[in-house]
Amino acid sequence: MRLSARPYYTLKPFLELFRTGVPILMYHKIGPRPRGVRMKGLYVDLPSFIRQLGEFREAGFASCTPGESCADGSPGLRVVLTFDDGFASVFENAFEPLARHNFHALLFLVPNLIGKLNEWDLRDGEAPEPLMDVGQIRQWLRAGHSIGSHTLSHARVTRLSARDAREEIVASKKKLEDTFGVAVEHFCYPYGDWNDVARDLVMEAGYRTACTTLFGVNTPATPPFVLRRLAVRYPTRSLRSLKARLLGTG
Ligand SMILES: [Zn+2]
């Protein structure tokens, strides 16, 4: 199995890779997976999430946000925990385990849909899921976590005119900053959809970093507006058997 195609589930098979750079984990929804969901891999059940945090803690990882503390080459293992879209299930389920492990996380929000539903998914026939509201996001910030922008409306920015793409990228930053009174320094391309034009718009808008869905860890040589991430997935049967083989238990 090629490493480039592998979703993240447990630390051990990734530890060597994680010693070579800063991993940014990409989560979406935390908790049980409702019936009728199409994109099943976007859920991570709570016991798995808690175990994943515990593995990082035991292995000596500290959490950070993308940027200077991450890719500066200073010693110590680091991980960035990101949650795309701002699902309410993250607030309900991840908040307490993150606090218990003293891990901070970065939440990529869709400011036009705060307190609403995942409208961009519904168009594709996905099950509706509530998104965090303003009060929950304020609590998230008060706990020391960060927020970033995921465009105003969860847009595929490369399919928009430059003018509309700029609006999605620039206005989402301003809207989040105006609503929550914090600097919004990190951007995440919805669907991992980016190109040079979109990247330049993100740079011009005043962000410091941008996350993609490209696989890998980040080093000081990684372009800060094309950061790599590892998707965390609910374990499939093949992943469980892979894990069993790697651990010598299967
Ligand atoms: Zn998204």
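None of these values were measured; they are calculated from a predicted model. For ligands, and for the atoms within them, numbers begin at 1 and follow the listed sequence.
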- request: Could you tell me which residues satisfy ring-ring contact (aromatic ring centres under 6.0 Å, His included) with Y207, sequence neighbours excluded, listed by chain and number?
  value: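 Once residues adjacent in sequence are excluded, the partners of Y207 under the ring-ring contact (aromatic ring centres under 6.0 Å, His included) criterion are F187.
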- prompt: Can you name the residues that form a salt bridge (Lys or Arg N to Asp or Glu O under 4.0 Å) with E167, not counting sequence neighbours?
  reply: none
query: Under 2.8 Å from the Zn ion (ligand 1), which protein atoms of type N, O or S occur, listed by chain and number?
result: D85 OD1, H150 NE2, H154 NE2
N/O donor-acceptor pairs under 3.5 Å from side chains in residues 22-40, not counting sequence neighbours:
residue: Y27; atom: OH; partner: Q52; partner atom: OE1; Å: 2.6
residue: R38; atom: NH1; partner: D124; partner atom: O; Å: 2.4
residue: K40; atom: NZ; partner: V37; partner atom: O; Å: 3.3

message: Between the side chains of E16 and R19, is the shortest nitrogen-to-carboxylate-oxygen separation below 4.0 Å, so that they form an ion pair?
response: yes
task: Determine, for Y191 and R156, whether the Lys NZ or Arg CZ falls below 6.0 Å from the six-membered ring centre while staying within 45 degrees of the axis.
output: yes
- request: Report yes or no: is the cationic atom of R51 (NZ for Lys, CZ for Arg) under 6.0 Å from the centre of the six-membered ring of Y9, at an angle within 45° of the ring normal?
  value: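 So R51 does make the cation-pi contact.
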